[in-house]
Amino acid sequence: MKRSHSSHSSSPITPQTTTVPLSLPDHLPPSSLPIIPYHSKIVASLDKNDCCVLTSSTGSGKTTTVPFLIYKEHRLFKEHSKLKVTCTQPRRVACTSVASYVSSLCSVPLGTLIGYNIRFDNCTTPQTVISYQTDYMLLRSSSSSYGRLFPEYGCIIIDEAHERSLGSDFVCSLVKQAMIARNYPRFLKDDSDITSLSSEIKSLRRIVRKRKLPPLKVIVMSATISSETFSKYFSTPNMQAKVLSIPGKTHRIDVCYLSEACEDFVEGCVEASLRLHCSYEEGDILCFLPGREEIDSAVYMLRKLLKEREEEGKSSYVSEDKVEEVKGKNINVLTEPTDGAVVLPLYSSLSPSQQQQIFLPLPANCHRRIIISTNIAETSLTLSNVIYVVDSGLEKKKVLTQTGVGVLRTEVISKASAVQRSGRCGRVRPGLAIRMYRELEFEGFKPVQRPEIEGASLSNVVLLMLTMGIKDCINFDFLQPPSEKKLLKAFHTLHRLKAVNDSMEITPYGEKMSKLPVDVEWANLVLKSEGYGCVKEVLTSVAMLSAENIFYRPTDEREAAKAAQKHRRFSSFEGDIPSLRSVYETWEKETIYVDPSLPNVAKRYRQLQSSKNLKIPSPEWCSRNYINSRSVAKAHSVRFQLHDICKNLYMNVESSCGSEGYVDYLKCVCEGLSHQIALRSVVSSDSSEGSSSQRPQGKYKTLSGIEVNVHPNSTMFQRNPAPSAVVFTEIIVTKKTYITGVTQVKKDWVTEFHPDR
DNA sequence: GAGCACTGC
């Protein structure tokens, strides 16, 4: 495995100059983890079975110990010394933190025998035998007929499979095929008399025999609730997948339900949090609400109520009237601790420094954090001192309608999510979870989260399948087969982009597209840009679009006005995509950027600053301009990666249109988004046609006939006169149907790309 | 004139 773009990559490995070869210890340091007594059982069952489904709740130690255990104890790795173990994770942080923890337990430097591989940061070397990687990294590394047999691995462990992400579902399917191809009838010389195998597996078998590949063992790790899904899926006619349940390690968690339904869930959560604060000893409170709006208003109410309580000398009882009274007032900043508690909001669109507040030590006069959070605290962020959880039972989800329009809805969570949320307390000592719904309602929750594949576009998945040589996508053995209609739609998209030919076979152009780790539509735009002589500009645009949330828009009214004023500087007359470009180009010109994960960041800053003292450090520049520094940093990495890939595709990556070539750039964007064009509807106040009272309005109709409005966050919002034709990046329904990423194009181009109109 | 949850290549 080679390191990704070494000049940029963020965790350099110290070259091993020592002549003594590194080795792993025979055992991990002794511990009281609940999984330890099960170790021999796991190894034994993986001997008898090809696949093992391990279930347990949090804190069993499976993620840290199982990969090491299998590598050290299973005979496969004694018989085949070159084989490795990998463990997939749905999130990047899990890979880096677990890999670093396990390598420290084994006293080997991270990135030598134990490493991780995530996008922009491959911390593995050829000597790495145990790796943690994201599902998508494993998918990317297996994009060929040979690659999908996962030849370098003797065991693949799929962790957090119950989350059912698109990536891990697809990894399951591929790993199952590889497992059958590598393990199935070992005792036969050829497969000629086996009729039960699909032609797909038969062709993989030919490669296995030719390359003499050793068997492949599979471990699926999941929450208890969905073990059956996986054991059924991974069982083959002659081999059962073994289910092993391991106890988790958490303290006792008491769960309370409401006896009657609550009317307003935000008020209910505020009241419950406050009662917990008043009547229970110290320890943090974590409250789950669906979105930013609810969180901001709950934070406001709580701060206000705590202030009143403090002023009244802590004697007052929390009444429902009190909660009602403070509701719906203007939000102002009240961040100092009141009544011994500090109330903190937590959601992804907060600035990094605001998010960091939850990890700051508490001031002297304060003994409790009350954190009001979205789903971000359910899996992605671990808060260590939470003793109490308040769960609204709701979350926001993006749902695709039949016409492919995204709708953001507040929905009831699953039982699995409710358990996960409650489990956020009781990590350090016994906890208490209050569910703001009745037990009867809970019984009606769907058992598990909806698999991501149900709502997602399949174009990228199908393209990936084609590069792997999977020909029959309709009959492919998915963990959960998508509808044929959705698969055909994906093929239709790929055909429109000329990634597949009329026989639905991948074209050389499609092969190129598959190399670019972005949405197929963006990949097409990047590849088209060379013909327009604007590769540089399009790379920047696509990188910024895939980073999302570039503009930081605060909730506080005065701050929001300041932000809007700063953002005006970047806004381009032509619309949102050129504006994003302008942010990046200005950022590049005016700041020094040092990758924060590189060593000696401060020193590097000083060096850079003394040589070019006109520039200011990136975080400072970003906060000054109300730009999300995390997003720009991500765009920067994405751009770097795309640039590298384009270079390898022999594209002229230096091609740039400059300021004179603006029209070419816009036309290129128009071609790339030519399936997402909207035309202005001319609303006439006078009934006679062609009357002078016709005024351009911000009302548009897409080519597919959907009536849409320009989103208020767009630079094109309330533009007068409104351009007659625009392209957009997304349709989203909230209170109205909005288009975002709105960019002005010429009407002539519309007819050029759609001659049939 | 709104107000977008969360991941990942």
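Just so it is clear: chains get the letters A, B, ... in the order the sequence lines come, proteins before strands, and each one is counted from 1. Every value quoted in this text rests on a predicted model; they were computed, and no experiment measured them.
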- Could you tell me which residues satisfy salt bridge (charged side-chain N to carboxylate O under 4.0 Å, His left out) with A:Glu707, sequence neighbours excluded, listed by chain and number? none
- For A:Ser392, check side-chain contact (heavy atoms from CB on, under 4.5 Å) against everything at least two apart and list the hits. A:Phe265, A:Cys269, A:Leu289, A:Pro290, A:Leu394, A:Arg421
- Query: Taking only residues two or more places apart in sequence or in another chain, which ones pass side-chain contact (heavy atoms from CB on, under 4.5 Å) with A:Thr467?
  - Reply: A:Ser143, A:Leu464, A:Ile506, A:Glu511, A:Ser514
- Message: Assuming nearest nucleotide by heavy-atom distance, tell me which of A:Lys396 and A:Val518 is located more 5' along DNA chain B.
- Response: A:Lys396
- Message: Both A:Thr734 and A:Ser348 contact DNA chain B. Taking the nearest nucleotide for each, which residue is further toward the 5' end?
- Response: A:Thr734
- Do NZ/NE/NH1/NH2 and the carboxylate oxygens of A:Arg164 and A:Glu454 come within less than 4.0 Å? no
- Counterpart residues, ring pair (Phe, Tyr, Trp, His ring centres under 6.0 Å), relative to A:Phe445 (two or more places apart): A:Tyr437, A:Phe442
- Sequence neighbours excluded, every pair satisfying side-chain hydrogen bond (donor to acceptor under 3.5 Å, both in side chains) that has a member inside residues 728-738 of chain A: A:Lys398-A:Glu730
Select base, sugar-phosphate, or nothing to describe what [X] touches, counting heavy atoms under 4.0 Å on all strands.
X        : result
A:Lys398 : base
A:Arg92  : sugar-phosphate
A:Arg292 : sugar-phosphate

- Can you pull the contact range of chain A along DNA chain B, 5' to 3', using atoms under 4.0 angstrom from its heavy atoms? B:dG1 to B:dC9
